[in-house]
**Q** 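What follows is a single structure, and I will ask about it in a moment.
Naming: A, B, ... by sequence-line order, numbering from 1 per chain.
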There are 2 protein chains.
Amino acid sequence: MRPTVHDIAAAAGVSLATVDRVLNQRPGVRHVTREKVEKAIREIGYVRDVAAANLAKGRTYSFVFILPASDNSFMHGLNDEVRAAVARSSVERTNIRTVEVPAFDPGALVQILDELCDERPSGIALVATDAPAVRDAVDRLVQDGIPVVTLVSDLTGSQRHHYAGVDNIAAGRTAARLLGRFLGGAKGEIAVLAGSMLVRDHRERLEGFAAVIAAEFPSLSILPVIEGRDDPDMAHMLVADALSKKSGIVGVYSLGAGNRGLIRALKEKAVDRSLTVIAHELTTHTRAALLDGTIDAILNQDAGHEVRSAIRVLKAKADGLAVIEAQERIRLDIFLKDNLP
Amino acid sequence: MRPTVHDIAAAAGVSLATVDRVLNQRPGVRHVTREKVEKAIREIGYVRDVAAANLAKGRTYSFVFILPASDNSFMHGLNDEVRAAVARSSVERTNIRTVEVPAFDPGALVQILDELCDERPSGIALVATDAPAVRDAVDRLVQDGIPVVTLVSDLTGSQRHHYAGVDNIAAGRTAARLLGRFLGGAKGEIAVLAGSMLVRDHRERLEGFAAVIAAEFPSLSILPVIEGRDDPDMAHMLVADALSKKSGIVGVYSLGAGNRGLIRALKEKAVDRSLTVIAHELTTHTRAALLDGTIDAILNQDAGHEVRSAIRVLKAKADGLAVIEAQERIRLDIFLKDNLP
DNA sequence: CCAAATTTGATGTACGTAAATCAAAATCTG
DNA sequence: CAGATTTTGATTTACGTACATCAAATTTGG
């Protein structure tokens with residue numbers, strides 16, 4: 001049987017009230033007594049029953065998710081997953097609120113974060129814009145003892161407790177190797193479509209991609225990056241333009257969102273050119289393009305897993321419990337025609 | 001606030017005791033009264049607080065994991081993950097026992113299953129050997145109200161509540177496309193190494209693989225399957241033999257375990273031949289081979305995820321709760337050199 | 001319509017923890 | 001050493017549910 005607070009009290013030779021004071025760091029316990037109790041806790045291997053504790057506390061976790069107001073399928077999907085989590089949350093004594101902020105806008109993000117510092121929720125998840133001001137705001141929250149996890153895109157040098165997202169350098173490297181191997185030694189140019197170099201995930205994907213192409217596929221050269229702001233129309237225009245002007249393009253790597261535009265451009269300009277195309281994020285559009293052969297592989301991060309992982313980690317941090325690291329590693333999905341979910 | 005049993009009582013105009021009788025299907029409630037209470041439950045949207053209920057019941061889940069006694073890295077890894085789960089289990093009011101049975105032996109499996117029918121654990125997870133007798137034994141357990149999930153390999157036509165494993169047909173298809181694309185139109189023969197055609201997962205992988213090769217890569221032909229019984233030494237012998245005799249082999253697909261032997265054979269016989277190799281299951285051996293270029297891609301199922309998923313599902317079934325389907329889908333990992341964990 | 005059987009209500013205890021109160025004991029201060 | 005202060009103990013209530021008991025009300029059978 002699992003030891004309880006009563007067992008600690010008996011083992012340490014103190015009363016239940018004292019054990020409670022130690023366990024919940026309440027004042028009014030002499031140093032020696034506190035140590036006696038802590039020793040007993042260690043020795044009998046007591047672990048607090050979180051379910052019972054939360055029941056007694058009447059605790060409800062209040063989490064805030066800060067999401068960018070971007071109009072692309074991935075962010076919509078992320079939003080849906082958060083909503084799905086909200087729907088389940090009542091069963092789990094969890095209140096989740098979402099806040100929208102303008103995309104690529106550090107100032108707005110900092111303002112929200114500072115407001116939350118007073119509100120003191122049980123935890124915060126945010127899609128970070130990678131700027132020093134944002135980092136400082138997050139660090140203030142962490143100093144205040146509020147669990148913070150970054151979602152999808154990480155924050156350089158911050159104290160955030162956890163990052164719920166994929167390893168984007170690895171993603172870029174993987175894209176490069178797939179593209180290189182699929183092209184099988186052909187010579188030519190690669191077009192790269194990104195959202196913005198202001199977000200860390202896109203920068204990192206490009207970095208990994210360029211490194212592997214340079215080191216292992218010297219017959220391929222990378223054209224200057226096209227920044228489409230994750231916007232379908234902008235992406236369409238820019239890619240169509242590039243395909244018209246450059247005849248040496250043999251492959252495309254789309255590392256951001258806004259793939260609807262990319263796909264449209266490919267169907268207009270490249271039906272006859274047999275390009276190899278690798279894109280990020282599985283959406284209805286990229287899925288259809290993979291099945292009809294317009295896209296050859298899709299790299300994906302599962303937004304649902306990211307959201308659920310963020311919630312699990314926030315909960316664990318709020319309860320002072322350990323997380324199962326292997327469980328919380330967000331994997332990079334590679335989808336071909338054949339292993340679509 | 002979440003509604004409680006008190007709210008049901010008030011809404012239905014009955015006493016707490018009656019609500020309790022309905023909720024826990026105890027006798028002594030008239031039909032009309034029972035319906036009145038059930039209507040109230042639906043209307044106010046009551047959901048039982050499982051944590052509080054388990055606390056009151058003093059409930060501990062007792063789960064049994066039935067694993068084959070195979071001496072290969074994957075099964076060892078699976079074992080380790082179950083043990084890790086056991087280590088965590090005390091915190092979660094869960095008792096997990098593992099039972100080893102001889103591999104590929106339906107009779108032994110049936111015997112264990114029948115014994116468990118009397119023991120009545122809260123749930124059972126098993127790596128199924130795909131035989132009618134096993135299916136019948138599982139169905140008996142399910143009829144008895146014991147939650148059963150299959151792990152890694154599924155059971156054809158059984159009533160098991162859930163399958164915690166990858167889609168093996170998709171895995172085979174994916175392997176075929178990767179191999180075909182990596183070979184870039186080259187002509188030649190493909191060697192396939194399997195464990196045994198008696199287990200469903202291996203059969204399915206081969207089926208998917210052969211289908212895609214035939215349909216989309218007609219320049220490749222598949223040699224008769226080599227059955228290595230998931231045994232490293234046997235695999236080594238058979239593969240070395242095949243490589244010596246056949247000079248037309250351009251690729252290898254290893255769809256089972258025992259890859260240590262495969263890798264040894266490749267290093268002995270094929271250093272100069274530039275084969276494209278795709279294998280299943282990430283282990284220390286396959287990982288090293290991927291990094292040194294002996295293997296080109298590894299398809300993997302994460303044993304840790306499978307075990308944790310199985311436990312989550314068993315718990316949910318034991319509590320009569322819904323599972324989050326998307327969360328429990330076990331994904332096929334594709335690892336290249338660049339995205340290893 | 002009365003007795004027997006069934007159904008319902010009222011109430012208490014338990015699970016493991018949190019939190020509060022008040023009294024008693026120990027320690028410190030001058 | 002008295003008095004103030006700090007530390008400790010004892011006890012109670014609560015969280016939401018399960019389960020048991022006994023009494024009261026209702027329904028059923030003859």
**Q** A:Met75 vs A:Val127, test: side chain to side chain contact (heavy atoms under 4.5 Å, CB included). Steps then yes/no.
**A** CA-CA 10 Å; A:Met75 282 304 162; A:Val127 178; 4.3 Å; yes
**Q** Taking only the side-chain nitrogens and oxygens of A:Arg30, find out if one of them lies under 4.0 Å from OP1 or OP2 of D:dT8.
**A** yes
**Q** Could A:Arg308 and A:Glu328 be called an ion pair, given the rule that one side-chain N must be under 4.0 Å from one carboxylate O?
**A** no
**Q** For the pair A:Arg59 and A:Asp319, find out whether any cationic side-chain nitrogen is under 4.0 Å from an anionic carboxylate oxygen.
**A** yes
**Q** Check the distance between D:dT17's P and B:Leu321's CG and give it to me in whole angstrom.
**A** 13 Å
**Q** For B:Glu306, is there an ion pair with B:Arg331 - N to carboxylate O distance below 4.0 angstrom?
**A** no
**Q** So that I can tick it off, tell me whether B:Asp139 and B:Arg160 are bridged by a salt bridge, with the cut-off set at under 4.0 angstrom between side-chain N and carboxylate O.
**A** no
**Q** Has A:Thr18 got a side-chain N or O lying under 4.0 Å from the OP1 or OP2 atom of D:dT8?
**A** no
**Q** For nucleotides 13-25 of chain C, give me one character per nucleotide, 5' to 3': B if any protein heavy atom sits under 4.0 Å from the base, S if the only such contacts are to the sugar-phosphate, - if neither.
**A** --BBBBB-B----
**Q** Take atom CG of B:Asp7 and atom P of D:dC15, then tell me their distance rounded to the nearest Å.
**A** 12 Å
**Q** Under 4.0 Å between a side-chain nitrogen and a carboxylate oxygen: does that hold for A:Lys39 and A:Glu43?
**A** yes
